[in-house]
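If you're wondering where the values come from, they're calculated on a predicted model, not measured in any experiment. Throughout, a chain's letter reflects where its sequence line sits, starting with A, and its residues are numbered from 1.
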2 protein chains.
Amino acid sequence: MALVHAILTVLVEQPCSGYDLRKRFEGSVGFFWKTSFQQIYRELTKLEEQGLLQAEEIQQESRPDKKIYSVTQAGQQYLSKWITQPSEVSPSKDDLLVKLFAGYLVPQETILAELAHHRQQHLQQLAQYEAIAQNFFQHPDRLSTKRRFHYMTLRHGIRYEQEWLNWCDEAMQFLGTQSPADPLGDV
Amino acid sequence: MALVHAILTVLVEQPCSGYDLRKRFEGSVGFFWKTSFQQIYRELTKLEEQGLLQAEEIQQESRPDKKIYSVTQAGQQYLSKWITQPSEVSPSKDDLLVKLFAGYLVPQETILAELAHHRQQHLQQLAQYEAIAQNFFQHPDRLSTKRRFHYMTLRHGIRYEQEWLNWCDEAMQFLGTQSPADPLGDV
DNA sequence: TTAGCATATTCAATAAAGTGAATAGTCGCT
DNA sequence: AGCGACTATTCACTTTATTGAATATGCTAA
């Protein structure tokens, strides 16, 4: 369960409201930990009850009131302790691969279209990551320690999307060149 | 929710008991859809109630009795329909990247050790995948259609683990060569 | 002026996932 | 005779995740 940790991670940098947190989430930790705004609010409430966050209510005139959450000392300790504890590789769950495993049950074109569709999505995600790299990480060797860590997560994103792209190409090539009648198939 | 689909995928190839299903799962679909045996049994029961599976009770003498589950026609249709429906890229959730994002909060050695630990895990997983490729997919060009699909999921596993290995190396290099005092850091 | 969008949050219901424990029989080993 | 390992399954509890809806205000553009 890293959602609470992801929230603490974002708030420890800069306190903000649930609404803003969610927006900041999208552009950073959200790339490797997806969630919804309802869940964020729920966790914020819980974290406050546990004393890992503290909230300050801000009355606003031109907008609805809001609560600014910031990480307490206990919260920072909790986060650091979590980071320090060794963890295993996160288990993966991927629909497309399950589909592909049973892909022989449906027409070949269906699978090829689905692969093309996924390729497109990964291409877009890669473009987004590369734009971030271009805009915020022009000189990796001159980054602060904190930003170096952020940069490495971005590097992972880039490599990850490239891997998917390459695999999509390989799979479309490999599965596409197969004669549908399966004339030489063994096993 | 692809667990039910993953179960159907395995059972459509070959009916078996929950116990055996779980074991077969580990060596195939389980690589990209992790689950527990309790969950498998629970889903088997539900799928039977829905008429997507049918169970046959087998009395055994030397062992506990068991139920052999097989996919019904409705089950096959349900699976095929799911495969045919286009889907979006599965959202990722990765602890390590969240940790890395906030990695500046803990000593550098902690992070480097964690990266090394993960590198080791990915290396082992890669070795396992490569052994499978060696043992069961020696001649990719001579595979049956079904096995070609299986092979592509394996190829993804191999590429995925390689990507992680390369990234771990890059990250350890990049973060390891940083002077802890952060003398030139901007931002 | 009113529709739509952005800000800002909460509640409720359900589905799915994760964890621990319990049961029960057989087999081989010591 | 007892212990651990393997086969085989079920129950209960708890935490997470997903989805839909509701509420309230202000701003802007058609």
Side-chain angles (χ1 to χ4, degrees), chain A residues 1-8 11 15-27 29-30 32-50 52-53 55-69 82 87-95 98, chain B residues 1-8 11 15-26 29-30 32-50 52-53 55-69 82 87-88 90-95 98:
Chain A
M1 206 250 317
L3 173 57
V4 296
H5 306 106
I7 289 174
L8 289 170
L11 285 180
C16 65
S17 69
Y19 189 83
D20 288 329
L21 176 63
R22 194 230 175 167
K23 284 203 296 183
R24 288 174 57 205
F25 217 81
E26 305 291 80
V29 192
F32 36 86
W33 201 277
K34 298 279 182 298
T35 189
S36 62
F37 67 96
Q38 295 96 325
Q39 229 182 315
I40 286 178
Y41 280 110
R42 198 186 319 150
E43 295 302 329
L44 284 173
T45 309
K46 276 198 219 161
L47 286 168
E48 196 193 348
E49 282 167 10
Q50 290 168 41
L52 304 179
L53 289 182
E56 188 195 354
E57 294 207 35
I58 307 281
Q59 254 76 48
Q60 292 187 122
E61 307 226 325
S62 66
R63 284 167 190 196
D65 299 348
K66 63 179 172 181
K67 279 187 237 164
I68 301 290
Y69 289 94
W82 174 72
S87 58
E88 302 307 293
V89 166
S90 299
S92 58
K93 303 216 161 177
D94 196 287
D95 274 25
V98 176
Chain B
M1 205 251 318
L3 174 56
V4 295
H5 306 105
I7 288 174
L8 289 170
L11 285 180
C16 65
S17 68
Y19 189 84
D20 288 329
L21 176 63
R22 193 231 176 167
K23 284 203 295 183
R24 288 175 56 205
F25 217 81
E26 306 291 81
V29 193
F32 35 88
W33 202 277
K34 298 280 182 299
T35 189
S36 62
F37 67 96
Q38 295 98 321
Q39 230 182 313
I40 286 179
Y41 281 110
R42 192 164 41 199
E43 295 303 328
L44 284 173
T45 310
K46 278 197 216 159
L47 285 168
E48 196 193 349
E49 282 167 9
Q50 290 168 41
L52 304 180
L53 289 182
E56 189 196 352
E57 296 208 33
I58 307 282
Q59 255 75 49
Q60 294 188 121
E61 309 225 324
S62 66
R63 283 164 192 199
D65 298 349
K66 63 179 172 181
K67 280 186 235 166
I68 301 290
Y69 290 93
W82 174 72
S87 58
E88 302 307 293
S90 300
S92 58
K93 304 215 162 178
D94 196 287
D95 274 26
V98 176

Phosphate-side-chain proximity, [X] and [N], N/O vs OP1/OP2 below 4.0 Å:
X: A:S36; N: D:dA17; result: no
X: A:Y41; N: C:dT9; result: yes
X: B:Y19; N: D:dT9; result: no
X: A:K23; N: C:dT7; result: yes
X: B:K67; N: D:dT10; result: yes
X: B:S17; N: D:dT9; result: yes

Euclidean distance, atom [atom1] of residue [X] to atom [atom2] of [N] [Å, nearest integer]:
X: B:I68; N: D:dA8; atom1: CD1; atom2: P; result: 8 Å
X: B:Q39; N: D:dT14; atom1: CD; atom2: C1'; result: 14 Å
X: A:F37; N: C:dT9; atom1: CZ; atom2: C1'; result: 9 Å

Distance (rounded to the nearest 0.5 Å) between A:I40 CD1 and A:K23 NZ
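If we round to the nearest 0.5 Å, A:I40:CD1 and A:K23:NZ are 12.5 Å apart.
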Using a 4.0 Å heavy-atom cut-off across all strands, classify B:K46 as base, sugar-phosphate, or nothing.
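Since no nucleic acid heavy atom lies under 4.0 Å of B:K46, the category is nothing.
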Indicate every side-chain donor-acceptor pair of residues 42-50 of chain A with a distance under 3.5 Å to a residue at least two apart or in another chain.
from, atom 1, to, atom 2, distance (Å)
A:T45, OG1, A:Y41, O, 2.9

Residue whose nearest DNA chain C nucleotide is more 5′ - B:W33 or A:D20
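By nearest-heavy-atom nucleotide position, the 5'-most residue is A:D20.
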Which one, C:dT9, D:dA8, D:dA17, comes nearest to the side chain of A:K66?
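Looking only at side-chain atoms, A:K66 lies closest to C:dT9.
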Angle between the two end axes of the helix from C:dT1-D:dA30 to C:dT30-D:dA1, five base pairs per end, rounded to 10 degrees?
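Answer for the end axes of this duplex: 20°.
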Indicate, yes or no, whether a donor-acceptor pair under 3.5 Å links the base of D:dT18 to the side chain of A:R42.
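Result: at least one qualifying N/O pair found.
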Should the side chain of A:Q38 and the base of D:dG20 be counted as holding a donor-acceptor pair, with the cut-off at 3.5 Å?
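Yes, the side chain and the base share a sub-3.5 Å donor-acceptor pair.
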